[in-house]
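A short write-up of the structure that comes next.
All heavy atoms count here, side chains included; hydrogens, waters and symmetry mates do not. Sequence lines set the chain letters: A, B, ... in the order given, protein chains first and strands last, and positions in each chain run from 1.
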Protein chains: 2
Amino acid sequence: MARLENLTERGYETQKQLGNALMELIIEKGYEKVSIKDLTERAGIDRTTFYLHFKDKDDLFTKSQIATINELVELRRTEAGPKPGVLLVFRHMSQNAKLYQAIFRTSGLVPGSASLEQYIANSIMPLLESELSRFGVSPPLHMPAIASYISGALRSLARWWLEAGMPQSPEEISELFIRLTTKGLLSLVETR
Amino acid sequence: MARLENLTERGYETQKQLGNALMELIIEKGYEKVSIKDLTERAGIDRTTFYLHFKDKDDLFTKSQIATINELVELRRTEAGPKPGVLLVFRHMSQNAKLYQAIFRTSGLVPGSASLEQYIANSIMPLLESELSRFGVSPPLHMPAIASYISGALRSLARWWLEAGMPQSPEEISELFIRLTTKGLLSLVETR
DNA sequence: CTTCTACTTGACATTGCGTTGATTTCATGA
DNA sequence: TCATGAAATCAACGCAATGTCAAGTAGAAG
């Protein structure tokens, strides 16, 4: 988890431990079954200390997601170039597998939080438009429908990939994704 | 909600009311924020009565999902034919919008429950194989990855469609889905 | 009218939540 | 090295939701 605020090293450490504990427990028993008590016991930290840092469970989870998004945004800003954006996303996922798994398992669960899901969906629309303009075409109708389709597909493919233990490289899986998205299923069967 | 057990008309009625109340409240405030008290007050039923019918909130939700799946399975069994399976799914969603919305918002939230998500994902694999064999091709590599991709796309598109108030007909939206899935994005821009 | 099922009422122990005030640990820089 | 302030602990509190139970009531079917 990326740094959330300006804190001493000690304070930062406990926040990190709480974040890690939450992700582990989400994977083990599901978001809503995780109590603050579970969380702080796992992290080896007093329950009251939790409330010094976070308002509640949602708060911790939301902030963890935001920290992750910021990391990803930064990555895409600095490593911009000919590489497709999707590849960077899969790379980042492979490096933060536990966290992304926890996020995927909870889906749009935490209400009103700026979720990673949301971020991906929002990122796809302009990205889609710019890609399409390279083909000299204006965006098709049903744009939001298509953006939903694609972001859902990405989320689900990524989730499968992580939970299966990443049997393909980030390059291979993003290549598969791009292919399915642009040319569809038929492109796969034709080439065999 | 379809009938769950053999009950008198009266008993069935309260189960239906509890199911409806849960779906409404999920949409309003999110699954985990719904208390049994909320639920029974909304349904106009005493809190203890809830426990006569269901073990807990997860139990009610799971049984509602199973009932829905059974309905859908039955629909596909009886209305089999030249119609694509996806169209039947979208039709059923349009007729049970509130319930499907509630399900989509909770995603894989309720652990260990036979979820609709799971059902869709599982249904897609054999369906995919049979469709592909009509083209005379054997299933491609990465089959589970592709099944994840497609079921995630379907889920996300359907969710968007329901929450946007179903601006397209079931026919149109399933046509869009099939097109994106088989031929990809490029097929859309080429034809304009 | 009786009988069975479904529902209500009121009460209870238990658990987790979120907060408070007093105290202790710990790093650090004067 | 020791004083200072930030971070963590400890004990205790009221509150709300959970799940359960025993006793009593309403309603439908024979």
Side-chain angles (χ1 to χ4, degrees), chain A residues 1-26 28-64 67 106 109-113, chain B residues 1-26 28-64 67 106 109-113:
Chain A
M1 184 162 73
R3 202 164 215 112
L4 298 177
E5 311 170 42
N6 288 331
L7 280 180
T8 118
E9 202 56 38
R10 196 172 159 219
Y12 169 58
E13 195 56 34
T14 70
Q15 292 201 350
K16 202 173 74 178
Q17 279 168 344
L18 287 170
N20 286 339
L22 177 58
M23 299 311 153
E24 283 177 18
L25 288 167
I26 287 175
E28 287 173 26
K29 50 199 292 197
Y31 184 82
E32 51 150 9
K33 297 266 183 302
V34 179
S35 72
I36 310 286
K37 202 173 156 241
D38 290 338
L39 201 53
T40 52
E41 274 175 6
R42 171 69 58 100
I45 280 164
D46 194 81
R47 197 168 65 85
T48 26
T49 306
F50 174 87
Y51 292 103
L52 296 179
H53 293 276
F54 304 103
K55 192 175 155 290
D56 54 20
K57 199 174 47 164
D58 287 1
D59 187 39
L60 168 57
F61 189 57
T62 303
K63 282 179 178 156
S64 299
T106 55
L109 173 59
V110 181
S113 83
Chain B
M1 185 160 74
R3 203 166 214 107
L4 298 176
E5 312 168 41
N6 288 331
L7 281 179
T8 90
E9 203 56 39
R10 196 173 160 220
Y12 170 59
E13 195 56 34
T14 72
Q15 292 201 351
K16 203 172 74 178
Q17 278 167 345
L18 286 170
N20 286 339
L22 178 58
M23 299 310 155
E24 282 176 19
L25 287 166
I26 287 175
E28 286 172 27
K29 51 198 293 196
Y31 183 82
E32 50 154 5
K33 298 265 184 303
V34 179
S35 71
I36 310 287
K37 203 175 155 237
D38 290 338
L39 200 55
T40 51
E41 275 175 4
R42 172 69 58 101
I45 280 165
D46 194 82
R47 199 169 64 86
T48 17
T49 306
F50 173 87
Y51 292 103
L52 295 179
H53 293 275
F54 305 102
K55 193 176 153 288
D56 54 20
K57 199 174 45 165
D58 287 1
D59 186 39
L60 168 56
F61 190 56
T62 302
K63 283 179 178 157
S64 299
T106 55
L109 176 59
V110 181
S113 85

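Atom C1' of nucleotide D:dA17 and atom CG of B:Asp38 are separated by 10 Å, given to the nearest angstrom. Between A:Lys33 atom NZ and D:dT18 atom P there is a gap of 12 Å when expressed in whole angstrom units. The interatomic distance linking A:Leu60 (CG) with C:dG18 (P) rounds to 12 Å, in whole Å. The nearest whole Å value for the distance from the CD atom in A:Gln15 to the P atom in D:dA7 is 9 Å. Note: CD (A:Glu32) to P (C:dC17) measures 13 Å, nearest angstrom. Nucleotide D:dC15 holds its P atom 20 Å from the CG atom of A:Asp56, rounded to whole Å. In this entry the distance linking CZ of A:Phe54 with P of D:dA7 reads 13 Å, nearest Å. In this structure, CZ of A:Phe50 is placed 8 Å from P of C:dG18, rounded to the nearest angstrom.
When atom types are taken as modelled, the side chain of B:Lys57 and the backbone of B:Leu22 share no donor-acceptor pair closer than 3.5 angstrom.
For A:Thr49 against A:His53, the heavy-atom pair with the smallest separation is O-CD2, 3.4 Å.
In this structure, A:Leu52 reaches the bases: a heavy-atom distance under 4.0 Å links it to at least one base atom across the strands shown. Within the 4.0 angstrom heavy-atom criterion, only backbone atoms of the sugar-phosphate kind lie near A:Ser35; the bases stay farther away.
When only modelled atom types and interatomic distance are considered, B:Ser35 and B:Asp38 share a side-chain donor-acceptor pair under 3.5 Å.
For A:Thr40, the side chain to side chain contact (heavy atoms under 4.5 Å, CB included) partners are A:Leu18, A:Ile36, A:Arg47, A:Phe50, not counting sequence neighbours. Residues passing the side chain to side chain contact (heavy atoms under 4.5 Å, CB included) test with B:Ala21, sequence neighbours excluded: B:Leu39, B:Arg42, B:Ala43. Applying the side chain to side chain donor-acceptor pair (under 3.5 Å) criterion to B:Glu41, with sequence neighbours excluded, gives no partner residue. Annotation: side chain to side chain contact (heavy atoms under 4.5 Å, CB included) contacts of B:Thr48 (sequence neighbours excluded): B:Asp46.
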Per-nucleotide protein contact string for nucleotides 24-30 of chain D, where B marks a base within reach and S marks sugar-phosphate only (heavy atoms under 4.0 Å, - for neither): -------
With B for base contact, S for sugar-phosphate-only contact and - for none (protein heavy atoms under 4.0 Å), nucleotides 19-24 of chain C reads BB----
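When each of C:dT8, D:dG19, D:dC10 is scored by its nearest atom to the side-chain atoms of A:Asp46, the top-ranked nucleotide is D:dC10. Of all nucleotides listed (D:dA8, C:dC7, C:dC17), C:dC17 comes nearest to the side chain of A:Lys37.
Side chains of A:Leu25 and A:Glu28 form a contact here, defined as non-hydrogen atoms less than 4.5 Å apart.
For A:His53 and D:dA7, the shortest distance from a side-chain N or O to OP1 or OP2 is not below 4.0 Å.
Atoms CG and OH, from B:Asp59 and B:Tyr51 in turn, are 11.5 Å apart once rounded to the nearest 0.5 Å.
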